[in-house]
Student: 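The structure under discussion is supplied below as structure tokens; questions concerning it will follow.
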2 protein chains.
Amino acid sequence: MRKYSIDHKSPIPLHAQAETLLRQLIQEEDYRNGKVLPNEVELAKKLAISRTTLRQSINKLVFEGLLVRKKRSGTRVAQNVVSSKSNNWLSFSQEMKLRGIPIKNFELHVTWVTPDEELAAFFEIKPDRKVLKLERVRGRPDEPFVYFVSYFHPRVGLTGEEDFKRPLYEMLEHEHSIIATLSKEEISAVAANDDIADKLRLPAGSPLLFRKRYVFDPGERAIEYNLGYYKASSFVYTVESTR
Amino acid sequence: MRKYSIDHKSPIPLHAQAETLLRQLIQEEDYRNGKVLPNEVELAKKLAISRTTLRQSINKLVFEGLLVRKKRSGTRVAQNVVSSKSNNWLSFSQEMKLRGIPIKNFELHVTWVTPDEELAAFFEIKPDRKVLKLERVRGRPDEPFVYFVSYFHPRVGLTGEEDFKRPLYEMLEHEHSIIATLSKEEISAVAANDDIADKLRLPAGSPLLFRKRYVFDPGERAIEYNLGYYKASSFVYTVESTR
DNA sequence: CTTATTATTATGTACATACATTATAACATT
DNA sequence: AATGTTATAATGTATGTACATAATAATAAG
């Protein structure tokens with residue numbers, strides 16, 4: 001039985017099926033390490049679709065920078081780790097999906113806490129007003145690679161009973177009509193303390209990329225304050241700027 | 001006489017010609033204001049290329065977000081052309097000045113080196129062509145906090161005799177007519193190795209913010225490849241992004 | 001006059017096919 | 001052992017064709 005296959009009866013276009021299939025395929029250890037993909041003619045035959053259709057899907061991934069083609073030698077996975085582009089505002093879930101990496105939630109805690117001074121000031125609320133705190137350890141199925149702590153403004157209207165396994169911004173948009181459009185971020189490096197090292201399964205003292213995000217709605221009103229600790233080896237933040 | 005046309009004898013692929021042609025076409029007032037482009041079948045006929053080939057070019061522009069397709073109504077220029085690029089284009093010197101912190105150069109080495117494969121590829125030069133390497137350890141008067149390694153494209157025309165204590169981009173602009181306008185950056189965290197730890201007066205293994213910059217001129221030609229290792233405690237990278 | 005129905009017209013999907021180009025490997029030559 | 005030549009195996013380019021789908025326009029029905 002073949003691992004990946006395409007359903008010719010499905011209403012989903014073949015090239016779209018091939019696309020998601022490729023996204024999964026390139027998660028495999030071998031390909032990730034530079035093994036060339038099956039050549040187009042062969043692969044098309046195996047999937048029982050035409051080469052043109054297959055190329056349509058490959059092209060898309062090439063455009064996205066996930067695959068690199070080379071004449072004669074073949075097509076392989078581009079050699080870069082998960083990155084975040086500041087231009088196209090993607091959430092963690094979206095980004096992982098784009099790369100065909102399944103997300104695993106290793107930990108998820110929801111609590112109501114009293115904000116510290118800084119947070120109360122950012123949210124412009126009284127210090128005794130409780131806010132929702134969401135802690136998550138997420139990553140690919142085999143390893144956690146980020147520890148998030150989020151605080152939400154009471155205005156958002158979260159109860160704490162929501163399903164936080166779903167994409168967060170999707171939920172905010174649909175169920176709470178909250179649209180996040182502006183984010184101010186600060187990025188620095190820190191050493192993992194015992195607690196975080198444990199969560200991310202790292203030796204204490206390992207370097208982490210630390211990202212603080214202040215998220216706003218279109219009226220520049222504060223929505224979320226987010227702290228992210230990324231395992232350095234599997235995360236790169238990319239920025240493109242012009243002047 | 002037709003305004004735009006395609007040369008079937010040119011060595012440039014038809015779809016590439018069609019692409020540049022489209023890019024010109026959509027500069028026209030009418031299209032920019034929302035007029036639909038000629039439909040694919042017609043346009044293909046006019047340009048004397050197949051619809052498939054034409055679609056190849058259109059697809060590229062659609063992917064770049066320049067064109068928007070709509071069934072039945074046709075294809076037109078996307079209306080949201082305002083790009084939301086981050087504006088943090090500041091050089092180290094400018095940034096320090098802005099904060100009123102005097103700069104001290106702790107180390108400064110200039111050498112000519114043979115580029116490694118990656119660098120030669122980025123600069124698009126032969127691997128035996130030597131490039132100028134500039135290493136600097138800089139910081140505030142009392143403590144170093146960044147270790148830079150820069151490589152410059154030979155095209156820039158640096159001799160190695162210049163005064164590298166001056167603001168670099170100012171010098172490039174005035175003395176070499178090189179204007180850096182685009183920079184692509186990758187930010188991650190690493191642990192300090194012995195060498196760098198020593199330069200920055202830190203214990204080995206301390207977390208550092210590691211910033212790779214690819215700097216380009218207005219023609220998107222590579223100018224500089226820069227590696228920066230920042231002492232985590234004294235450097236934060238900020239980004240603002242909208243969607 | 002409003003609401004279905006149908007036709008039209010654009011893009012969307014998919015295939016089979018042919019030949020060009022180019023990086024590499026295999027081989028032959030000096 | 002270095003250099004030149006040829007084969008080959010992958011992607012790259014390009015065409016022609018067919019039918020599907022969806023939004024709109026035109027028309028018919030109530």
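Naming: A, B, ... by sequence-line order, numbering from 1 per chain.
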Student: Applying side chain to side chain contact (heavy atoms under 4.5 Å, CB included), can you list everything that pairs with Arg23(B), at least two apart in sequence or on another chain?
Tutor: Glu19(B), Leu61(B), Glu64(B), Leu66(B)
Student: Tell me: CG of Leu47(B) to P of dT15(D), nearest whole Å?
Tutor: 11 Å
Student: Expressed as a whole number of angstroms, how long is the span from Leu67(B):CG to dG12(C):P?
Tutor: 11 Å
Student: In whole Å, I'd like the distance from the CG atom of Leu37(A) to the P atom of dT11(D).
Tutor: 9 Å
Student: Ring centres of Phe145(A) and Phe106(A) under 6.0 Å apart?
Tutor: no
Student: What residues, two or more places apart in sequence or in another chain, satisfy side-chain hydrogen bond (donor to acceptor under 3.5 Å, both in side chains) together with Tyr147(A)?
Tutor: Glu135(A)
Student: Partners of Arg55(B) by salt bridge (Lys or Arg N to Asp or Glu O under 4.0 Å), sequence neighbours excluded?
Tutor: Glu40(B)
Student: With Asn105(A), which residues qualify under side-chain hydrogen bond (donor to acceptor under 3.5 Å, both in side chains), at least two apart?
Tutor: Arg138(A)
Student: What is the separation between atom CG on Asn39(A) and atom P on dA23(C), rounded to the nearest whole Å?
Tutor: 18 Å
Student: Other residues, nucleotides and ligands only: do more than 12 of their heavy atoms fall within 6.0 Å of CD on Gln27(B)?
Tutor: yes
Student: Between C1' on dG16(D) and CD on Glu40(B), what's the gap in Å once rounded to a whole number?
Tutor: 15 Å
Student: So which one's nearest nucleotide on DNA chain C is more toward 5', Lys70(A) or Asn59(B)?
Tutor: Asn59(B)
Student: Rounded to whole angstrom units, what separation is found between the CD1 atom of Ile58(B) and the C1' atom of dT11(C)?
Tutor: 10 Å
Student: May I have the distance from Arg76(A) (atom CZ) to dT24(C) (atom P), rounded to whole angstrom?
Tutor: 10 Å
Student: When every nucleotide of nucleotides 14-20 of chain C is labelled 5' to 3' by its protein contacts under 4.0 Å (heavy atoms), B for base, S for sugar-phosphate only, - for none, what sequence of letters results?
Tutor: SBB----
Student: Any donor-acceptor pair, under 3.5 Å, between the side chain of Arg72(A) and the base of dT8(D), if you only look at N and O atoms?
Tutor: yes
Student: Who passes salt bridge (Lys or Arg N to Asp or Glu O under 4.0 Å) against Glu143(A), sequence neighbours left out?
Tutor: Arg140(A), Lys231(A)
Student: Roughly how many Å is it from CZ in Arg69(B) to C1' in dA22(D), rounded to a whole number?
Tutor: 15 Å
Student: With a 4.0 Å cutoff (strictly under), does any side-chain N or O of Thr75(B) reach OP1 or OP2 of dT11(C)?
Tutor: yes
